[in-house]
Amino acid sequence: MSRTVYVNGEFLDEENAKISVFDRGFLFADGVYEVSSVIDGKLIDNAAHMARLRRSLSELRMVFAMSDEEIIAAQEEVVARNGLVEGALYLQVSRGVADRDFALPKDPKPSIVMFTQEKKLVDNPAVAKGWAVITLEDIRWRRRDIKTVQLLAPSLAKQAALDAGADDAWMVEDGKITEGTSNNAWIIKGGKIITRQLSNDILHGITRKAVMRLASEDGLVVEERAFTEDEAMSADEAFVTSATTFVMPVVSINGKGVGNGNPGSVTLRLRELYIEEARRS
Ligand code: PMP
């Protein structure tokens, strides 16, 4: 069945939803995006995604006229028109059509597109087994806090992981893990839950923030600091967070089992807490 896609104010069948060859999103990866999860037909933590979208736009000096209310109304309509119960809503704003030039256009007309993807998020079959990850050098640019559509490095890293028989890659810079290809990386060691501190080196995950709060509320100790590859390999538990995986156990790193090699109990508890709250809100 064809999806209904949103393009610059119009709801179109996906076959007819088109963007110009001259769109700067296509030519320069000059665009930002957000992925909000949908459970029971409702967008999860969407206000936080809107706030991050605004920050990404502003860091790239992109002025976008639509208000949050207008964007959210369009998001909800895309979800409804596609009858999406569970999955993801992808939203992208690019600087729009301009003749190709490295200088930013003087009178930009940003493009916005949205589409849905149906996915099993709550009963994700991967959770029971957990993910195997490999580590790879982080070759991305230095503003990973901006959620841009230039995703070639993480896309190649993901494929390298799949080619190696793993599920994802944890990227490494100066001996420390930055993050997964499209998720934030965490370890649990000696009762402490450790995830890298916020900076320009990683994306400021919306799920990361929610899980940090849920962990603290649950009486767990959270430490925000960078951790090494060796620390990760000798951790008791490991996991990743993102809008579409929620909390996903990591059971091996470079072929070596984490803890007892099964999804960790604290990890699974955090996943439960996250889903419970998402459903309630
Ligand atoms: N890091 C990167 C590089 C990502 O692409 C994502 C997914 N958008 C995340 C972290 C997780 O962010 P969020 O929890 O907001 O989905």
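All ligand and atom numbering here is 1-based and tracks the order in the structure. Predicted, not measured: the structure shown is a model, and the values here were computed from it.
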Exercise for the section: Evaluate side-chain hydrogen bond (donor to acceptor under 3.5 Å, both in side chains) for T181 paired with D168, printing each intermediate quantity in order. Expected result: CA-CA 7 Å; T181 60; D168 200 24; 2.5 Å; yes
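For the side chain to side chain donor-acceptor pair (under 3.5 Å) test, no residue two or more places apart in sequence or in another chain qualifies with D45.
Residues N183 and T245 bring no donor and acceptor atom of their side chains to less than 3.5 Å of each other. For the 3.5 Å distance criterion, the side chains of S234 and K189 qualify, holding a donor opposite an acceptor.
By the 4.0 Å N-to-carboxylate-O rule, R208 lies close enough to E224 to be salt-bridged with it. Note on D68 versus R54: salt bridge recorded, some NZ/NE/NH1/NH2 to OD/OE distance being below 4.0 Å. Salt-bridge formation is detected for the pair E59/R143: a Lys NZ or Arg NE/NH1/NH2 atom is positioned less than 4.0 Å from an Asp or Glu carboxylate oxygen.
Those atoms of ligand 1 that come under 4.0 Å of a heavy atom in S242, given as number and element, are 11 (C), 14 (O), 16 (O). Proximity to R140 (heavy-atom distance under 4.0 Å) selects the following atoms of ligand 1: 3 (C). Taking a cut-off of under 4.0 Å to the non-hydrogen atoms of N184, the atoms of ligand 1 that pass are 10 (C), 11 (C). Residue A243 approaches ligand 1 through these ligand atoms, each under 4.0 Å from one of its heavy atoms: 13 (P), 14 (O), 16 (O).
Considering only non-hydrogen atoms, atom 13 (P) of ligand 1 lies nearest to I206 out of L203, T245, T178, I206.
For the pair T207 and ligand 1, the shortest N or O to N or O distance falls below 3.5 Å. Taking distance alone, with nitrogen or oxygen atoms compared against 3.5 Å, V35 stays at or beyond that limit from ligand 1. Considering backbone and side-chain N/O atoms, G180 never comes within less than 3.5 Å of an N/O atom of ligand 1.
Under 4.0 angstrom from ligand 1, the non-hydrogen atoms of N183 all belong to its backbone. At a heavy-atom cutoff of 4.0 Å, ligand 1 is contacted by the backbone of T241 but not by its side chain. Contacts of K209 with ligand 1, taken as heavy-atom pairs under 4.0 Å, are absent altogether. By the criterion of a heavy-atom distance under 4.0 Å, the backbone of T181, and not its side chain, is placed next to ligand 1.
Atom 5 (O) of ligand 1 has S182 CA, 3.3 Å as its closest protein atom, hydrogens excluded (heavy atom only). The nearest protein atom to atom 12 (O) of ligand 1, hydrogens excluded, is given as G205 CA, 3.5 Å; this is a heavy-atom distance. Residue, atom and distance of the protein heavy atom nearest to atom 2 (C) of ligand 1 are E179 OE1, 3.4 Å.
At least one heavy atom of K147 sits less than 4.0 Å from an atom of ligand 1. By the 4.0 Å heavy-atom criterion, R52 is counted among the residues contacting ligand 1.
Distance alone, capped at 3.5 Å, is enough to place a donor-acceptor pair between the N82 side chain and the V78 backbone.
With W186 as the aromatic partner, K192 does not meet the cation-pi criteria of under 6.0 angstrom to the ring centre and within 45 degrees of the ring axis. Annotation: cation-pi pair R81/F11 present, NZ/CZ under 6.0 Å from the ring centroid and within 45° of its normal.
In this structure, the ring of Y33 has its center less than 6.0 angstrom from the ring center of Y90.
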